[in-house]
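Structure first, commentary second.
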Protein chains: 2
Amino acid sequence: MRRTKGTPRRRSQQRERILELLKSTDSHPTANWIYARLRRDFPALSMGTVYRNLAVLAEQGLISRIGFGSTFDRFDANTGHHYHFICDHCGTIVDLDLPVDESLNGRVRAAAGLEARSHDIQFRGTCASCARRIVSNRS
Amino acid sequence: MRRTKGTPRRRSQQRERILELLKSTDSHPTANWIYARLRRDFPALSMGTVYRNLAVLAEQGLISRIGFGSTFDRFDANTGHHYHFICDHCGTIVDLDLPVDESLNGRVRAAAGLEARSHDIQFRGTCASCARRIVSNRS
DNA sequence: GTTCATGCAAATCGTTTGCACAATG
DNA sequence: CATTGTGCAAACGATTTGCATGAAC
């Protein structure tokens with residue numbers, strides 16, 4: 001949107017309603033759901049506005065995008081149950097050789113009454129080679 | 001691809017090489033990486049073939065797609081650390097009120113030497129309303 | 001020879017972006 | 001009034017699909 005550095009963000013009806021809407025629900029809406037919902041108040045609303053505002057809100061830490069982090073589908077021939085480590089810097093995904101804790105599924109039943117059949121864990125951090133690169137580039 | 005029910009799947013050079021390639025690596029390739037790699041052996045290979053075969057292999061349980069399960073980005077105004085339950089049937093995502101186990105990050109360091117800063121867990125199963133629907137439709 | 005798998009290209013889907021105009025401070 | 005935010009439409013990138021031809025069995 002071409003912003004000159006340092007200029008403060010302006011408020012907008014649309015952005016405020018998007019945040020309010022997200023705060024009012026415990027579902028995890030898609031952009032399209034928000035769009036459909038807000039069209040009642042702003043008949044001319046566009047998807048571009050929805051996406052732009054979601055990006056701003058996420059950048060401000062007021063909301064978070066949930067997902068795997070990668071834009072691409074990724075495939076794995078290791079079909080056994082295992083956890084993943086994802087590097088925040090280079091996006092590399094590493095299979096972890098960590099014992100899988102199947103008792104976690106039972107904890108979900110105890111806490112929420114939901115029957116969890118399986119679970120996945122993604123750890124996030126900096127992989128070894130990125131850590132090395134970052135240390136050596138320290139300014 | 002228009003398959004008449006019950007007809008057996010035929011083998012294909014391309015599919016076998018895709019599986020072999022996935023088994024030979026511990027990275028978690030994207031479709032495009034596989035495509036580029038296999039083009040050496042099949043100069044006329046098309047992306048359509050890659051995607052079709054990945055779908056077949058996944059359907060046969062020989063590989064798995066890793067990701068959040070949803071095609072769409074989803075947004076959440078609950079920015080505190082929490083785990084998710086995803087219903088396999090309807091895709092609903094539920095925030096879990098489960099204690100977050102920060103010690104898991106340390107276990108990754110101990111086991112793999114990787115510095116995990118955070119982690120996410122997605123439990124999968126059938127949500128309450130889908131479970132009800134399925135029981136009542138039992139044939 | 002029948003039916004499935006491939007290659008190609010066009011279509012689709014979610015998301016992003018350029019531009020002229022409206023809203024904000 | 002200077003600059004951001006919006007709406008619109010076109011662009012984009014990943015994935016999917018229709019169709020004619022080639023491969024499997």
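Chain A is the first sequence line, chain B the second, and so forth, proteins listed ahead of strands; every chain is numbered from 1.
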Handout entry: Separation between CD1 of I86(A) and CD1 of I66(B), rounded to the nearest 0.5 Å
Key = 7.0 Å
Exercise for the section: With the side chain of R11(A) defined as its heavy atoms from C-beta on, choose the nearest nucleotide among dT6(C), dG25(C), dT4(D). Expected result: dG25(C)
Exercise for the section: Grab the CE-C1' distance between M47(A) and dC8(D) for me, whole Å please. Expected result: 14 Å
Fill in the blank from the handout: Separation of dG14(C) atom P from I34(A) atom CD1, nearest Å, is 14 Å
Exercise for the section: Whole angstrom is fine here: how far is it from CZ in F42(A) over to P in dA22(C)? Expected result: 17 Å
Practice task
Answer yes or no: does a side-chain N or O of N32(B) lie under 4.0 Å from OP1 or OP2 of dG13(D)?
Solution key: no
Exercise for the section: Using whole Å, report how far CG of N53(B) lies from P of dT16(D). Expected result: 13 Å
Practice task
Using whole Å, report how far CZ of F72(A) lies from P of dC12(D).
Solution key: 16 Å
Practice task
May I ask you to verify if any side-chain N or O of T4(A) is less than 4.0 angstrom from the OP1 or OP2 atom of dA2(D)?
Solution key: no
Exercise for the section: Using the six-membered ring wherever Trp is involved, compare the ring planes of H119(A) and H81(A) and label them parallel, tilted or perpendicular (cut-offs 30° and 60°). Expected result: perpendicular
Handout entry: Spacing between R39(A) atom CZ and dT6(D) atom P, to the nearest angstrom
Key = 15 Å
Handout entry: 5′-ward residue of the pair R9(B)/A44(B) relative to DNA chain C
Key = R9(B)
Exercise for the section: Examine dT4(D): is either OP1 or OP2 under 4.0 Å from a nitrogen or oxygen in the side chain of T7(A)? Give yes or no. Expected result: yes
Completion exercise
Picking from dT6(D), dA5(C), dT24(C), the nucleotide nearest the side-chain atoms of S12(A) would be dT6(D)
Completion exercise
side chain to side chain contact (heavy atoms under 4.5 Å, CB included) test vs R15(B) passes for just one of V50(B), N53(B), L54(B), T49(B), namely N53(B)
Problem - OP1 or OP2 of dG5(D) under 4.0 Å from side-chain N/O of T49(A) - result: no
Exercise for the section: To the nearest Å, give me how far apart CG (L19(B)) and C1' (dA5(C)) are. Expected result: 17 Å
Problem - R52(B) side-chain proximity, nearest of dG25(C), dC19(D), dA14(D) - result: dC19(D)
Fill in the blank from the handout: Out of dA5(C), dG5(D), dG7(C), minimum distance to the side chain of L45(B) belongs to dG7(C)
Handout entry: Side-chain N or O of R10(A) closer than 4.0 Å to phosphate OP1/OP2 of dT6(D)
Key = no
Exercise for the section: Would you kindly say whether R74(A) and S27(B) are connected by a side-chain donor-acceptor distance under 3.5 Å? Expected result: no
Exercise for the section: Check whether any side-chain N or O of R3(A) sits under 4.0 Å from OP1 or OP2 of dT3(D), and answer yes or no. Expected result: no
Problem - Residue-phosphate contact under 4.0 Å: Q14(A) side-chain N/O, dG7(D) OP1/OP2 - result: yes
Practice task
Send over the distance from L38(B) CG to dT6(C) C1', rounded to a whole Å.
Solution key: 13 Å
Practice task
Measure from the side-chain N and O atoms of S136(B) to the backbone N and O of R133(B), and report whether any donor-acceptor pair falls under 3.5 Å.
Solution key: yes
